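Written below as structure tokens is the structure these notes are about.
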Amino acid sequence: MGRWGTRGTVTPHEQNPSPRPRRESNTGKRRKTKRKKKKTDLEELKKEVVLEDHKLTLEELSAKYSVDLTMGLSPRRAQEILRQDGPNTLTPPPTTSKWFKFCKQLFSGFSILLWVGAILCFVAYGIQFHQKEEPTKDNLYLGIVLAAVVIITGCFSYYQEAKSSKIMESFRNMVPQQALVIRGGEKIQINVENVVVGDLVEVKGGDRIPADLRLISSQGCKVDNSSLTGESEPQTRSPEFTHENPLETHNICFFSTSCVEGTAQGIVIATGDSTVMGRIASLTSGLVVGKTPIAVEIEHFIHLITAVAIFFGVSFFGLSLILGYGWLESVIFLIGIIVANVPEGLLATVTVCLTLTAKRMAQKNCLVKNLEAVETLGSTSTICSDKTGTLTQNRMTVAHIWFDKTIYKADTSEEQTGDSSGMGKTFAKGSATWFILARIAGLCNRADFKAHQETLPIAKRATTGDASESALLKFIEQTYSSVKEMREKNPKVAEIPFNSTNKYQVIMVTGDHPITAKAIAKGVGIISEGNETAEDMAAQLQVPISQINTREAKACVVHGSDLKDMTAEQLDEILKNHTEIVFARTSPQQKLIIVEGCQRLGAIVAVTGDGVNDSPALKKADIGIAMGITGSDVSKQAANMILLDDNFASIVTGVEEGRLIFDNLKKSIAYTLTSNIPEITPFLLFIIANIPLPLGTITILCIDLGTDMVPAISLAYESAESDIMKRAPRNPRSDNLVNHRLIGMAYGQIGMIQALAGFFTYFVILAENGFKPSDLLGIRLNWEDRFFNDLEDSYGQQWTYEQRKVLEFTCHTAFFVSIVIAQWADLIICKTRHNSVFQQGMKNKILIFGIMEETFLAAFLSYTPGMDTALRMYPLKLSWWFCATPYSILIFVYDEIRKLIIRRHPGGWLERETYY
Amino acid sequence: MRRQLRSRRAPASPYAYRYRLDDQDEVNQNYLADEEEEAEEEARVMVVPDLEEEEEEEEEEEEEEIEEEEKEEEKGQGQPAGNAWWQRWQIVSEYLWDPEKRMSLARTGLILVIYFFFYASLAAVITLCMYTLFLTISPYMPTFTERVKPPGVMIRPFAHSLNFNFNVSEPDTWQHYVISLNGFLQGYNDSLQEEMNVDCPPGQYFIQDGDEDEDKKACQFKRSFLKNCSGLEDPTFGYSTGQPCILLKMNRIVGFRPELGDPVKVSCKVQRGDENDIRSINYYPESASFDLRYYPYYGKLTHVNYTSPLVAMHFTDVVKNQAVPVQCQLKGKGIINDVINDRFVGRVIFTLNIET
């Protein structure tokens, strides 16, 4: 591996297909044209390597690079070339400046809306400052708070991103390297970046190749090209030209591959970015990566909410102007509506949820570099891998048995003894159903024990057949009777194969020879038994391949050299018409093309890989998964996720976690969005019905950034409602994170009940203090009049401005508390989308903590001395806490009934309209 | 892969996907995977076979619809791709009104009906809650009065400002004060007071026991009590001579009683600056206090003719041509007049700027 990421001077690097021995010195001119050429360069890079040096004789080589094959370059000449070509390093990918990234965080999503709100606040304050002698500073503070919210959220997400990329920086700086060159007849040890084209280099076992070399002599030299080709078998290297393909010929060693044994001398034919490895690196870093599915979903959701906010904001701004409010008042209304509509804390919540999942995955040895990639695996519909064997070899055991309407727990421990004594007690073995179930599990099962294992405990015996069937076999053997006997008694008459369709597609992309690849694919089930390739069919029917309708063959093995000549349409055709595809002998460029092909067809593609050769595909994939132990730095850098223990079974964990977090984010968002309605409606009624404001902007922020946060995050800890692994991968075009059903539920139904809870509390407090609801209509103008200090209530009492403002703020506090209480129920109903809470249980301790936390926070905000001046929140009477409880119960009952109907009528009308 | 391809085609209406998802294998398989669901579904089939058939018919229809839509979509794909807005419009319009099946609208209509009933029941719930609220609230006596205590203070004339700027020689600058005061004092006219209210003994509370819902009598506060500030002798309330009258009243609070034997007094002085800017103030009634007989107040419903007692301040000698900030405070037990946040509790601050 080169000094990848060494921050040397960056020189414009050539991206010509063929590395040239000499370069003109007019680099400045080239720099100008470079940008224009960038796109074509990338296309160029996707093509195969063209190299002629391996065909040259030693004399021609010596002449071409004007170098003496025993003395090497003169030091002076080497310096000259170094000055011309620049150091022998891979150019680090262009990184966007930190400030730019930070600013992007500051001005994306809701931030713009909040900035508008903050600016309006400052404008309103400015106007007030000029109009009145003693302006209230409310707007100034609100503006500052809003700006602070935006900046803090921005910092938060920026920190999240920066933190994960730093991990990679440390990886990058890991490999320092020296090279042994012969210059002017002297062997000298130099830094690898000083190696130049034409240098005579000596490598020995254990070294890394410092640049692309054309060997001139070798003594038993073997190299490990695995980082480039994926083949880990050491290959002999000698000065002889053995193959047309530069990657296969024996006389070329590649930059950053390692010499395993022996020694060799060679002439440097390319350095830095123009090496084969450098080209892959440039290709990788130059690729434009699409947004992650979750980013697309969040963007979609932000657009939705922003549209709602703008719609409400603009229409009520217009309405308030029509109703005769002044510009200033209308602007203040607009601020309120914006603040109420934007779920300020939601993006932070989503980030925290993703972080939690990322941490959970890290514990299971899946290091997620980019937070958003956490979910991507869950949406993955196609996995391109060349190490699929381990992926499907994850073992399974029977954990639960369901019959007679009861779920029985099975003993899953490895240590259980061969006889079934430990098992039988746990479930009703006498049941007729159990007998039938056991017979089915034993007979309709193709798995079998391998021979001569009778002494081993059943759980540890090796089996043939697929993992789930093996699990059933072992279970029946343990708990029922010998399957062998059973099968002998009931001979097989016919077989109806079982095919699970709800799986993601696995495409095998490998550098192996097609025959090996096919054998492996069949071995691990990528090409399932019974499915044949067109070639197989041709062989079986003894007809030429041309007579076979390739569409009839579900499986397909494609050779890399065929792929090279294919058009995009032909590739699409293959990907569409075959469900089981193996690509063999693929080059890095071809892997990239395959990934792009799958993405063109709308699939969300995961790519696993460890070599540098996989990196373009890793980068282009929706989620690239690199190996933590065997993986190269480049692959780790290109990937979104790293399997720290190289165990492919972790991918399954990843898929599960990804799907779970997607479901839980839905719940989290549904929970958070619900409180938007009780936040908006007070403003609307304030404007339309001219009542005193029931909920202020400060209290809205207290909900969005205070009480709602922990409960929303706690939903990330919610366990799955059903077996999420049995589902088909999410369709990114129709299964949105936030759809109109979710909005309908949150805004149209639960939110409305919550709003009623708030308003009821508001009316109770005002009525108990003297202002009956009927007298509140139209009172706003007098209520807000600072000089009107003897406003009469329904009992004839007279209130000063400040007294009724205290009352109003008490109402804000109570409204806030009511929302908190209604959110209890909302949190509990958001735990599940389909099951009843009674089925799901209240095992989520964080969620219970969340409920406690929001309640204590609400009490703290209400009762702490000094809150009246700090946040204008006032202590409440105990009875006012209970005003919202009927509504809280109503929410719970309503949603339980809704879910009950959904469960009773799957696919029914209610589900279509309200199941989010 | 095939599955992905099918769903790859953009839907012609937002609902098309849902049909596809809900009615075809994908979602069903979700449920089939869940064995419990399967059992429940079977149970349902047995109980209501008719319903199931109907649903199936519906599903068929819907599937046809999808196919048609897909065909349409395929035709549409031939068009130049730049017309994204047009496509969007089509999606929206088909969502609102699908000309072939009239399904979208029917469905939308059904949703509206359901929402109507949902909101109607919510309205019923809130009505019920409000009804219980009114059952618990007395119409005569507010449940809590601590927010309105201690009493606030307000002055008359009131013209949305507490700066009294006027020029003695220009009646236009003070005429509105006079009109305001006259209007305010109409309710205090002696004739009216004598007709409506009783003359109750001074120096003691005017307590009227008896049922809550009984009408209460009110004590007279006659305009003539205000002497020089009554506007009876000097109809300009002293404004024409640069000696303005300002009336002060304490906010009504149901059940509020000042300390016995210690009526609430009013005293005014210069708030900031030279104390001699105001050389003399005459108070009417001369005691400068609110007599105990005006308390307690029994509330608007029963204490209909209650007349708030007043104290008039006659600023007979104030420095002219300069703004004089005046603070009038209530003094007495149970009175707080130094709340920082509220400058109208137990006190009132205004400026006099009399030009000659």
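Proteins come first, then strands; the chains are lettered A, B, ... in the order of their sequence lines, and each starts at number 1. Keep in mind that what you see is a predicted model, and the values were worked out from it rather than measured.
A distance of 6.0 Å or more separates the ring centres of Trp799(A) and Phe344(B). For Phe118(B) and Tyr894(A), the ring centers are positioned less than 6.0 Å apart.
Taking both residues in full, the closest heavy atoms of Leu162(B) and Phe787(A) are given as CD1-CD2, 3.9 Å, listed atom of the first, atom of the second, then distance. Nearest heavy-atom pair, Asn341(B) versus Thr869(A), reported as atom, atom and distance to 0.1 Å: ND2-CG2, 4.3 Å. Closest approach of Gln797(A) and Val148(B) over heavy atoms only: OE1-CG1, 3.6 Å. Across all their heavy atoms, Lys772(A) and Pro139(B) have their closest contact at NZ-CA, 3.7 Å. Closest of all the heavy-atom pairs between Ala767(A) and Ile137(B) is CB-CD1, 3.3 Å. Residues Asn789(A) and Asn251(B) come closest through the heavy atom pair O-ND2, 2.9 Å.
No part of Phe256(B) comes within reach of chain A, as not one of its non-hydrogen atoms sits under 4.5 angstrom from that chain. Both the backbone and the side chain of Met130(B) come within less than 4.5 Å of a heavy atom in chain A. Heavy-atom distances place no part of Ile155(B) under 4.5 Å from chain A, backbone and side chain included. Only the backbone of Ser138(B) comes within less than 4.5 Å of a heavy atom of chain A; no side-chain atom from C-beta onward does. Contact of Thr810(A) with chain B is made through the side chain alone, with heavy-atom distances under 4.5 Å. For a residue to count as touching a neighbouring chain, one of its non-hydrogen atoms must lie under 4.5 Å from one of that chain's; by this rule Leu890(A) touches chain B with the side chain only. When heavy atoms are compared at a cutoff of 4.5 Å, Glu792(A) approaches chain B solely by way of its side chain, counted from C-beta outward. Looking at Tyr306(B), there are no atoms closer than 4.5 Å to chain A (heavy atoms on both sides), in backbone or side chain. Contact annotation for Leu133(B): only side-chain heavy atoms (C-beta onward) come within less than 4.5 Å of a heavy atom of chain A. Only the backbone of Asp793(A) comes within less than 4.5 Å of a heavy atom of chain B; no side-chain atom from C-beta onward does.
Side chains of Leu807(A) and Phe144(B) form no contact here, defined as non-hydrogen atoms less than 4.5 Å apart. In this structure the side chain of Phe759(A) never reaches within 4.5 angstrom of the side chain of Cys129(B), judged on heavy atoms.
Scanning for side-chain hydrogen bond (donor to acceptor under 3.5 Å, both in side chains) contacts around Ser836(A) gives Glu896(A), with sequence neighbours left out.
Using a 4.0 Å cut-off between a side-chain N of Lys or Arg and a carboxylate O of Asp or Glu, Asp342(B) and Arg804(A) do not qualify as a salt bridge. Arg343(B) has no carboxylate O lying under 4.0 Å from a charged side-chain N of Glu802(A), or vice versa, which leaves the two without a salt bridge.
Sorted by first and then second residue, the salt bridge (Lys or Arg N to Asp or Glu O under 4.0 Å) pairs involving residues 134-152 of chain B (not counting sequence neighbours) are Lys877(A)-Glu146(B).
Atom CG of Leu135(B) has more than 12 heavy atoms from other residues, nucleotides or ligands within 6.0 Å.
Most heavy-atom pairs under 4.5 Å with chain B, from the set Pro886(A), Ser794(A), Gly770(A): that is Ser794(A). Ranked by heavy-atom pairs under 4.5 Å with chain B, the list Tyr801(A), Phe763(A), Tyr874(A), Tyr887(A) is led by Tyr887(A).
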message: For Ile126(B) and Phe760(A): C-alpha separation, side-chain torsions, deciding distance, then whether side chain to side chain contact (heavy atoms under 4.5 Å, CB included) applies.
response: CA-CA 7 Å; Ile126(B) 187 91; Phe760(A) 178 60; 4.0 Å; yes
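Judged purely by atom type and a 3.5 angstrom limit, Glu768(A) has no side-chain atom pairing as donor or acceptor with the backbone of Thr143(B). The backbone N or O of Gly748(A) lies less than 3.5 Å from a partner atom in the side chain of Tyr119(B), making a donor-acceptor pair. With Arg252(B) contributing its side chain and Gln798(A) its backbone, the two residues share no donor-acceptor pair below 3.5 Å.
Between Phe788(A) and Phe158(B), the ring planes are tilted. Angles from 30° to 60° get that label.
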